[in-house]
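For reference, the structure discussed in these notes is given below.
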Amino acid sequence: MKYSALSLAWNALSGHTRWKPAWRDPAPRPQYDVVICGGGGHGLATAHYLAKVHGLTRIAVLEKGWIGSGNAGRNTTIIRSNYLLPENEPFYEWSMKLWEGLEQDLNYNAMVSQRGVLNLYHSDAQRDAYARRGNAMRLNGADAELLDEAAVRRMLPFLDYENARFPIQGGLLQRRGGTARHDAVVWGYARAADGRGVDIIQNCEVTSIRTRNGRVEGVETTRGFIAAEKVGLALAGSTSLVASSAGLRLPIESHVLQAFVSEGIKPFIDTVVTYGAGHFYISQSDKGGLVFGGDIDGYNSYAQRGGLPIIEDVCEAGMALMPRIGRVRLLRLWGGIMDMSMDGSPIIDTTPVKGLYLNTGWNYGGFKATPASGWCFAHLIATGAPHWTARGYRLDRFATGYVADEKGVGAQPNLH
Amino acid sequence: MRIPCPFCGDRDSREFTVLGDATLIGRPDPSAPDALAKFTVYLHERDNPAGLHRELWYHGPGCQSWLVVTRDTRTHRIDKVEAARDVPREGTSR
């Protein structure tokens with residue numbers, strides 16, 4: 001059923017008792033043309049674009065839990081395209097454009113809210129770096145405005161501008177950036193893909209990849225073997241575990257990133273703000289909770305929970321930036337497992353195993369990339385060639401030296 | 001998380017800085033003919049296990065020693081802590 005004002009009114013008449021499930025719950029078939037491992041945003045978006053853009057039909061998405069229960073449901077919902085490097089900016093800007101048309105494409109309210117993303121700067125050097133980044137964004141068709149202190153004060157009068165060590169001098173604003181409802185993105189992609197015949201199979205964990213003579217044959221799962229000509233991995237922090245069964249050793253470390261939400265309070269932050277002198281980003285959800293986060297914990301982790309030191313660090317940064325949040329109580333916090341790559345940029349590429357495709361290395365920027373990641377991964381799987389916006393995301397770039405290190409810290413995943 | 005330092009005793013993880021996988025102490029021979037390939041693997045590829053992981057931690061505010069900590073990445077249980085200087089070098093990493 002197409003969702004519309006009319007369908008809403010019609011169902012209201014019957015007391016909302018006649019809504020159908022938004023996607024089916026099929027049993028796995030023995031064979032598919034393409035199997036996507038991982039039912040998060042990236043995997044479901046890939047399936048959607050494979051079906052819609054490339055016309056493939058026999059597709060399955062396998063998810064070990066329920067869809068969106070991994071990082072897609074554990075992020076701070078920020079969307080933006082404010083990158084510097086030519087490997088990154090066209091890709092993230094393509095993602096931003098897909099976000100802008102997402103709800104019409106999916107016929108689903110993903111609550112995309114272009115409320116702006118403001119990166120604060122606190123020194124002359126940081127201002128210069130942001131000016132450069134803003135220029136790189138505009139050269140790639142994105143929007144960017146460099147604000148001075150007075151302009152930031154007009155937007156957010158309650159920040160601590162008098163901080164002696166890190167005074168706020170201004171910020172780089174991307175007005176088209178903002179937030180989206182992370183769960184709705186997952187559900188919207190799932191419903192749209194399902195509508196085009198994609199089988200979304202939940203509670204079906206991929207335990208290993210079966211290969212023969214350097215070619216993929218299918219995947220072993222907790223619900224039996226499923227044969228497939230092509231297998232795509234969109235497994236975020238669990239990529240190394242599954243890929244190792246096909247003999248791949250990846251440039252990935254898995255780390256835990258925590259996110260936080262406060263009790264609901266009246267509206268007071270109408271944009272996304274990031275602190276330039278510490279790692280802290282914050283927005284306010286429509287329910288009123290402050291949604292914020294900071295650094296990863298720093299050590300390898302497959303536990304979907306973090307430690308107290310980072311909680312303190314994030315809250316200290318928050319207090320340094322906006323002291324008025326000090327009496328707001330923390331409601332919930334959680335952790336997701338990030339696939340941290342060696343240069344801080346993702347990998348969307350073929351592998352030495354024929355028919356096995358890789359989509360990983362999202363560090364902690366995976367949510368904003370969801371539409372373009374799906375688009376480019378689908379393009380790669382369907383055509384065998386990388387999409388032009390993802391040309392820099394090759395697996396062999398660490399050997400060739402063509403790394404895309406946005407932060408310039410080298411092969412040290414816990415610093416990206 | 002608390003780390004039992006072999007020199008300082010049981011200490012809060014805040015006192016430590018983590019570097020990463022302990023294979024980093026097995027630096028390849030830079031004069032070997034296949035040094036480039038070896039260094040590419042050494043620098044970038046990781047086993048990244050879910051389970052026991054040997055990793056390098058530095059106890060800066062304490063004994064200033066590099067330590068090899070064997071820790072379970074699913075539970076953060078620490079099984080073993082050794083001084084890195086006592087850990088045999090593999091010569092070249094795999």
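Residue numbering restarts at 1 for every chain, and letters A, B, ... go by the order of the sequence lines. Computed from a predicted structure; not experimentally measured.
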Query raised in the report: Where on Asn300(A) is there a heavy atom nearer than 4.5 Å to chain B: the side chain, the backbone, both, or neither?
Result: both

Report task. Counting only heavy atoms closer than 4.5 Å, note whether Thr17(B) contacts chain A via side chain, backbone, both or neither. Result -> neither

Report summary line: With chain B, the option among Ser240(A), Ser238(A), Pro309(A), Ala399(A) that has the most non-hydrogen atom pairs under 4.5 Å is Pro309(A)

Report task. Locate the shortest heavy-atom distance separating Glu312(A) from Arg14(B); write the atom from each residue and the value. Result -> OE1-NH2, 2.6 Å

Query raised in the report: Where does Ser301(A) contact chain B at under 4.5 Å (heavy atoms): side chain, backbone, both or neither?
Result: both

Query raised in the report: Looking only at heavy atoms, which of residues 252-259 of chain A get nearer than 4.5 Å to chain B?
Result: Ile252(A), Glu253(A), Ser254(A)

Report task. With a 4.5 Å heavy-atom cut-off (strictly below), which parts of residues 340-364 of chain A touch chain B? List them by number. Result -> Met342(A)

Query raised in the report: More than 12 foreign heavy atoms under 6.0 Å from CZ of Phe7(B): is that the case here?
Result: yes

Query - Pairs of heavy atoms under 4.5 Å with chain A: top-ranked of Leu36(B), Leu43(B), Asp72(B), Val18(B) - result: Val18(B)

Query raised in the report: Gln304(A) versus chain B, heavy atoms under 4.5 Å apart: side chain, backbone, both or neither?
Result: neither

Requested in this report: Could you grab the distance from atom CG of Leu248(A) to atom CD of Glu45(B), nearest 0.5 Å is fine?
Outcome: 9.5 Å

**Report entry** Segment of His44(B) engaging chain A (4.5 angstrom heavy-atom cut-off)
**Finding:** both

Query raised in the report: So which heavy atom on Asn414(A) is nearest to which on Leu19(B), and how close?
Result: ND2-O, 4.1 Å

Report task. Can you label the angle between the Tyr299(A) ring and the Trp57(B) ring as parallel, tilted or perpendicular, going by 30° and 60°? Result -> tilted

Query raised in the report: Among Thr75(B), Thr73(B), Asn48(B), which one satisfies side chain to side chain donor-acceptor pair (under 3.5 Å) with Tyr302(A)?
Result: Asn48(B)

Query raised in the report: Can you say whether Leu308(A) sits under 4.5 Å from chain B via the side chain, the backbone, both, or neither, judging by heavy atoms?
Result: both

Report task. Measure the spacing between CG of Asp297(A) and NE2 of His76(B) and express it to the nearest 0.5 Å. Result -> 7.0 Å

